[in-house]
Amino acid sequence: RRDGMMGNIYSMGLALQALGSTAMFYAPREWDCAQAFSVVYGHDYRQPTAIAQVLPALVGKSYLEAASLECTASSEMSPSLHPSPLPTAPIRVHYSIINTLRGKHFNESISVRVPAGSTLLEVLQAAEKKEPDIFSFQTEQTSWGPMVVSIHGLAANPADRTYWQFLSRKDALQEGGQHGVGGAGRRGVKEPPSHPLPSIAGVGTYVPADGEHIRAVFSTY
């Protein structure tokens, strides 16, 4: 696209690797990568898989060159221990689950208190602990982090193209929450294989702000 984005922010790492490693096939036309790299530089990546895909491209390498690299351990690269962070003051997060699409409709809300800096996943866990009969949920672990596949016993189903969409007010979540930078998306929800990179924000990385209202809406695509 004109702004340098290729696919979405999560496909940028592999796209940059591919274009960088096949530059010879573009001669005599030179690929102008400045816009694409400016998109990557401007995003606060938090998903480990996305970071692992972007880093090689930033140093002009690709996964194809990994076999020829020599890695030697050094004392400078040894992990160091850091003191545990001090407890932070709790915040209040409002959370709603809404289904007007399939089966018995429901619209339930709850407010929970969690430590500042908690992820959305921890908010969901607090809600489930407080009212397990209503706010139960299930996740599946993926290389992109946990993905919500069911809430209140209602599961996403690729066959009927349904999923759980997470919103803050009317907007899709941005990666990192109040500390993140990103665009619209649906990460953290169950999507079929045709949507391998469903969104910007994951329930394991999104950080709600104090007083924020998160809505989980059963939706179709």
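Everything quoted here is computed from the prediction, not taken from an experiment. In this chain, numbering begins with 1 at the start of the sequence shown.
- Proximity of a side-chain donor or acceptor of T162 to a complementary backbone N or O of D160 within less than 3.5 Å is not detected.
- Separation of atoms CG (L124) and CD (E122) is listed at 10.5 Å; rounding is to 0.5 Å.
- Taking each heavy atom of L121 and P146 in turn, the nearest pair found is CD2-CG, 4.1 Å.
- Ring pair F106/H152: centre-to-centre distance below 6.0 Å.
- Of the possible polar contacts, none joining the R215 side chain to the L167 backbone as a donor-acceptor pair under 3.5 Å is found.
- Cluster annotation: L154 and F135 are assigned to the same hydrophobic cluster (Ile/Leu/Val/Met/Phe/Trp/Tyr, side-chain heavy-atom contacts under 4.5 Å, transitive).
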I98 and F218: side-chain contact (heavy atoms from CB on, under 4.5 Å), yes or no, with the steps?
CA-CA 6 Å; I98 302 166; F218 197 61; over 6 Å; no
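- Between H94 and H213, the ring planes are perpendicular. Angles over 60° get that label, and only those under 30° would be called parallel.
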Applying side-chain contact (heavy atoms from CB on, under 4.5 Å), run through I91 and V114 and close with a yes or a no.
CA-CA 6 Å; I91 63 171; V114 294; 3.9 Å; yes
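- Separating the CD1 atom in I97 from the CD1 atom in I214 is a distance of 14.0 Å, to the nearest 0.5 Å.
- For the side-chain contact (heavy atoms from CB on, under 4.5 Å) test, residues two or more places apart in sequence or in another chain that qualify with R113 are P90, R92.
- The side-chain heavy atoms of V112 and V123, taken from C-beta on, include a pair separated by under 4.5 Å.
- Of all the heavy atoms in P208 and V93, the pair that sits closest is CB-CG2, 4.0 Å.
- Rounded to the nearest 0.5 Å, atoms OG (S150) and CG (N157) are 11.0 Å apart.
- Taking every heavy atom of both residues into account, G153 and S136 meet most closely at N-OG, 4.3 Å.
- In this structure a side-chain-to-backbone donor-acceptor pair under 3.5 Å is missing from E128 to Q125.
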Chi angles and distances behind the side-chain contact (heavy atoms from CB on, under 4.5 Å) call for Y163, S219:
CA-CA 6 Å; Y163 70 98; S219 308; 4.0 Å; yes
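- Identified under the side-chain hydrogen bond (donor to acceptor under 3.5 Å, both in side chains) test for residues 99-108, with sequence neighbours left out: none.
- Not a single donor-acceptor pair under 3.5 Å links the side chain of K130 to the backbone N or O of I110.
- Under a hydrophobic clustering in which Ile, Leu, Val, Met, Phe, Trp and Tyr are joined whenever their side-chain heavy atoms come within less than 4.5 Å, directly or via other members, I134 and L120 fall into the same cluster.
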I'd like to know whether L16 forms a side-chain contact (heavy atoms from CB on, under 4.5 Å) with V54, so could you lay out the CA-CA distance, the side-chain angles of the two residues, the decisive distance to 0.1 Å, and finally the verdict.
CA-CA 8 Å; L16 288 172; V54 167; 5.8 Å; no
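- Contact annotation: the side chain of T119 never approaches that of T205 to less than 4.5 Å [non-hydrogen atoms, C-beta and beyond].
- Nearest heavy-atom pair across F166 and A216 is CE2-CB, 3.6 Å.
- Between the S118 side chain and the P115 main chain, a donor and an acceptor come within less than 3.5 Å of each other.
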